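All values reported here derive from a predicted model rather than from experimental measurement. Heavy atoms only: backbone and side chains are in, while hydrogens, waters and symmetry mates are out. By convention here, the first residue in the shown sequence is residue 1.
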Amino acid sequence: MIPRDATLRVVRPTDNLEQIAVMYSKALGFEMLKQFKDHDGFDGVVLGHQQHAYHLEFIHQQGATVGKAPSQEHLLVFFIDCSRVWERTCRNMIDAGFSVVDSTNPYWENVGKTFEDVDGYRVVLQNRDWDC
């Protein structure tokens, strides 16, 4: 079993590194924890919060093109149970440049909103507590 204090880092390639870093920082209030240039041919940023055990890392391999998301089901999902915080976060997503889109899975539409970034990847904000 993975220890409870392990940190989860989700890494995703992008052709729009600077724009994506700004979008996710502004929309979700993430801090830039680390930034690197030409690390063995990769540029990248690590976003997150110092006290949270998860990070988002966006990378760009120099000379490579990754294109758009391969499907509309590549999702990051955040469960936000407080309605005021959820509404504010939804506004932040739009202000940061995310587009509001219909989810292909109706489950996410019940008490949530789906947003798409410039790469076609999606973030779902659910206005509920997570339950198994």
Student check: side-chain heavy atoms of Glu57 and Ile59 closer than 4.5 Å
yes
For the atom pair CZ (Phe115) and OG (Ser103), what is the distance rounded to the nearest 0.5 Å?
12.0 Å
If hydrophobic clusters are built by linking Ile, Leu, Val, Met, Phe, Trp and Tyr wherever their side-chain heavy atoms come under 4.5 Å apart, do Met32 and Val10 end up in the same one?
yes
Which heavy atom in Asp15 sits nearest to a heavy atom in Ala64, and how many Å separate them?
OD1-O, 3.8 Å
Which residue in the set Val66, Ile20, Leu56, Leu76 passes side chain to side chain contact (heavy atoms under 4.5 Å, CB included) when paired with Arg12?
Ile20
Please output the side-chain donor-acceptor pairs of residues 77-101 that fall under 3.5 Å, not counting sequence neighbours, one pair per line with the distance.
residue : atom : partner : partner atom : Å
Ser83   : OG   : Asn127  : OD1          : 3.3
Trp86   : NE1  : Leu125  : O            : 2.9
Thr89   : OG1  : Val85   : O            : 2.7

So, Asp119 versus Thr14: side-chain donor-acceptor pair below 3.5 Å or not?
yes
Side-chain contact test, heavy atoms from C-beta onward, threshold under 4.5 Å: evaluate it for Gln126 versus Trp108 and give yes or no.
yes
Decide yes or no for Val123 and Thr114: does some side-chain heavy atom of the first lie under 4.5 Å from some side-chain heavy atom of the second?
no
Is it true that Asp117 and Arg122 have a side-chain N and a carboxylate O under 4.0 angstrom from each other?
no
Are the aromatic rings of His49 and Phe30 close, with centres under 6.0 Å apart?
yes
Got a sec: does the NZ of Lys68 have more than 12 other heavy atoms crowding it under 6.0 Å?
yes
Polar side chain donor-acceptor pair, Asp43 to Gln62, under 3.5 angstrom:
yes
Can Val22 be reached from Phe58 by stepping across I, L, V, M, F, W or Y side chains whose heavy atoms are under 4.5 Å apart?
no
